[in-house]
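All heavy atoms count here, side chains included; hydrogens, waters and symmetry mates do not. Note on naming: letters A, B, ... go to the chains in the order of the sequence lines (proteins, then strands), and numbering restarts at 1 for each one.
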2 protein chains.
Amino acid sequence: MIEDMKFLEEQAELLKVIAHPVRLCIARGLWRSGSCNVSHMQCCLEVPQSTVSQHLGKLRQAGIIEGERNGLEITYRLKDERVKAILSCLFSQ
Amino acid sequence: MIEDMKFLEEQAELLKVIAHPVRLCIARGLWRSGSCNVSHMQCCLEVPQSTVSQHLGKLRQAGIIEGERNGLEITYRLKDERVKAILSCLFSQ
DNA sequence: TTATTATATTTGTATATTACGATTTTTGAA
DNA sequence: TTCAAAAATCGTAATATACAAATATAATAA
C-alpha cells in the first residue's frame with residue numbers, strides 16, 4: 001500500500017500536461033525566451049488558433065503558465081519551478 | 001516553424017509514459033530501491049496482475065526499465081538517465 | 001509427464017484526449 | 001456606436017488510453 005497516492009497522482013497529472021509535443025514546445029519556448037504572446041506561438045507552431053488556445057488553456061489551468069494582457073495581446077510566461085527543472089533535464093545541452 | 005519537432009515528440013512521448021500514477025509509482029520505487037520483482041509491485045500497488053504487467057510493458061517498450069529473469073520471477077530496474085533526473089526533480093526532499 | 005507459480009499477451013469495452021471549425025468574448029481604434 | 005484583431009470557448013468526430021478478464025507462455029517442482 002502506497003501512502004502518498006494523492007501526491008503521485010498530482011505529479012503524474014503535472015507530467016501529463018507537458019507530455020504533449022505542442023504543449024512541451026510552448027513550455028520550452030517560454031522557458032528559453034521568458035515570455036511570448038499567442039499570435040507568435042501560432043505562427044511558430046503552425047496549428048490552428050483554437051488548437052493553440054486549448055493547449056494554453058490546459059497549461060494555464062494546471063498553473064504551469066500565466067498570461068498578462070497588453071491591449072489585444074496576451075503574453076504568457078512559465079510560472080512553475082518543477083516544470084522549469086524538468087525542462088532543464090530534457091533540454092539542457 | 002520548429003525544426004526539432006521529431007525530438008520534441010520523442011521527449012513528449014517519454015514524459016507520457018511516466019505520466020501515470022501507477023507507472024510513476026513503479027519508476028519511483030525502482031529509482032529509490034534499485035530493483036523490484038513484479039509480485040512485490042503488485043502487492044504494493046493493489047491493482048490486478050494484468051494491469052501491472054501492462055504498465056510494465058509500456059515502461060519496458062519505452063526503454064525506461066529492463067527486466068532480468070531469476071527463475072519464475074522477473075526483477076526490474078530503471079535504465080533511463082533522463083527519467084532518473086526527472087524523478088529527482090519531482091521527488092527529491 | 002502434470003501441476004503450479006510468476007509473468008506476459010490478447011481481447012473487449014469504457015473513458016479520456018485530441019484536433020479543429022464555428023462561434024463568442026474582449027479589447028482598442030475609427 | 002461599429003469594426004477588426006486577438007484570444008477563448010463550444011460542439012463533435014476521430015483517436016488513444018486504461019482496465020480487467022481470459023488466455024498464453026515460461027520456469028520449476030513433484
A.B. asks: Any carboxylate oxygen within less than 4.0 angstrom of a Lys/Arg side-chain nitrogen, looking at B:Arg77 and B:Glu66?
C.D. replies: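 A salt bridge links B:Arg77 with B:Glu66.
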A.B. asks: Whole angstrom is fine here: how far is it from CD in A:Gln42 over to P in C:dG21?
C.D. replies: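 Whole-Å distance recorded here is 12 Å.
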A.B. asks: Would you say that B:Asp4 contacts B:Glu10 through its side chain, given a criterion of any heavy-atom pair below 4.5 Å between the two side chains?
C.D. replies: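 No, too far: nothing below the 4.5 Å cut-off.
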A.B. asks: Respond yes when some side-chain nitrogen or oxygen of B:Tyr76 is under 4.0 Å from OP1 or OP2 of C:dA6, and no when none is.
C.D. replies: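 Looking at the OP1 and OP2 atoms of C:dA6, neither is under 4.0 Å from any side-chain N or O of B:Tyr76.
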A.B. asks: Given atom CD of A:Glu68 and atom C1' of D:dA6, what is their separation to the nearest angstrom?
C.D. replies: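 Atom-to-atom, A:Glu68 to D:dA6, this comes out as 16 Å.
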A.B. asks: Determine, for A:Glu9 against A:Lys6, whether the closest basic-nitrogen to carboxylate-oxygen distance falls under 4.0 angstrom.
C.D. replies: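 Looking at A:Glu9 and A:Lys6, the cut-off is not met.
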A.B. asks: Between P on D:dA16 and CD on B:Glu13, what's the gap in Å once rounded to a whole number?
C.D. replies: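 That distance rounds to 11 Å.
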A.B. asks: Using OP1 and OP2 only, check whether a side-chain N or O of B:His20 sits under 4.0 Å from D:dA16.
C.D. replies: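 Negative; the distance criterion is not met.
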A.B. asks: Between A:Ser39 and D:dA7, is there a side-chain N or O to OP1/OP2 distance below 4.0 Å?
C.D. replies: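 Answer is yes, contact under 4.0 Å.
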A.B. asks: Can you tell me the distance, in whole Å, between the NE2 atom of B:His55 and the P atom of C:dA8?
C.D. replies: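 After rounding, the gap between these two atoms is 13 Å.
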A.B. asks: A:Lys16 side chain: which of C:dA8, C:dT17, D:dA8 is closest?
C.D. replies: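 The answer is C:dT17, which lies nearest to the side chain.
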A.B. asks: For A:Arg69 and D:dA6, is the shortest distance between a side-chain N/O and OP1 or OP2 below 4.0 Å?
C.D. replies: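 No, no such contact exists.
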A.B. asks: For the NE2 atom of A:His40 and the OG1 atom of A:Thr75, what is their distance to the nearest 0.5 Å?
C.D. replies: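 That separation rounds to 11.5 Å.
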A.B. asks: Just the rounded figure in Å: distance from P of D:dA20 to CD of B:Gln54.
C.D. replies: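 That distance rounds to 9 Å.
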A.B. asks: For A:Leu72 and for A:Ser50, locate the closest nucleotide of DNA chain D by heavy-atom distance; then report the residue assigned to the nucleotide nearer the 5' terminus.
C.D. replies: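 Closest to the 5' end, via its nearest nucleotide, is A:Leu72.
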A.B. asks: Can you check the A:Leu59 CG to C:dT18 P distance for me, whole Å?
C.D. replies: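 Distance, rounded to whole Å: 11 Å.
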A.B. asks: Strictly below 4.0 Å: does A:Lys58 bring a side-chain N or O up to OP1 or OP2 of C:dT17?
C.D. replies: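 Checking A:Lys58 against C:dT17: no side-chain N or O falls below 4.0 Å of OP1 or OP2.
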A.B. asks: Please state how far atom CD in B:Gln49 lies from atom P in D:dC19, giving the value in whole angstrom units.
C.D. replies: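 After rounding, the reported distance stands at 14 Å.
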A.B. asks: Whole Å only: how far is the CD atom of A:Glu73 from the P atom of C:dA29?
C.D. replies: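 These atoms are roughly 12 Å apart.
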A.B. asks: Heavy atoms from C-beta onward define the side chain here; which of C:dT7, D:dA7, C:dC20 lies closest to that of A:Thr51?
C.D. replies: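 Nearest to the side-chain atoms of A:Thr51, counting from C-beta on, is C:dC20.
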A.B. asks: Determine whether the side chains of B:Gln11 and B:Arg82 contain a donor N or O and an acceptor N or O closer than 3.5 Å.
C.D. replies: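 Short answer, yes.
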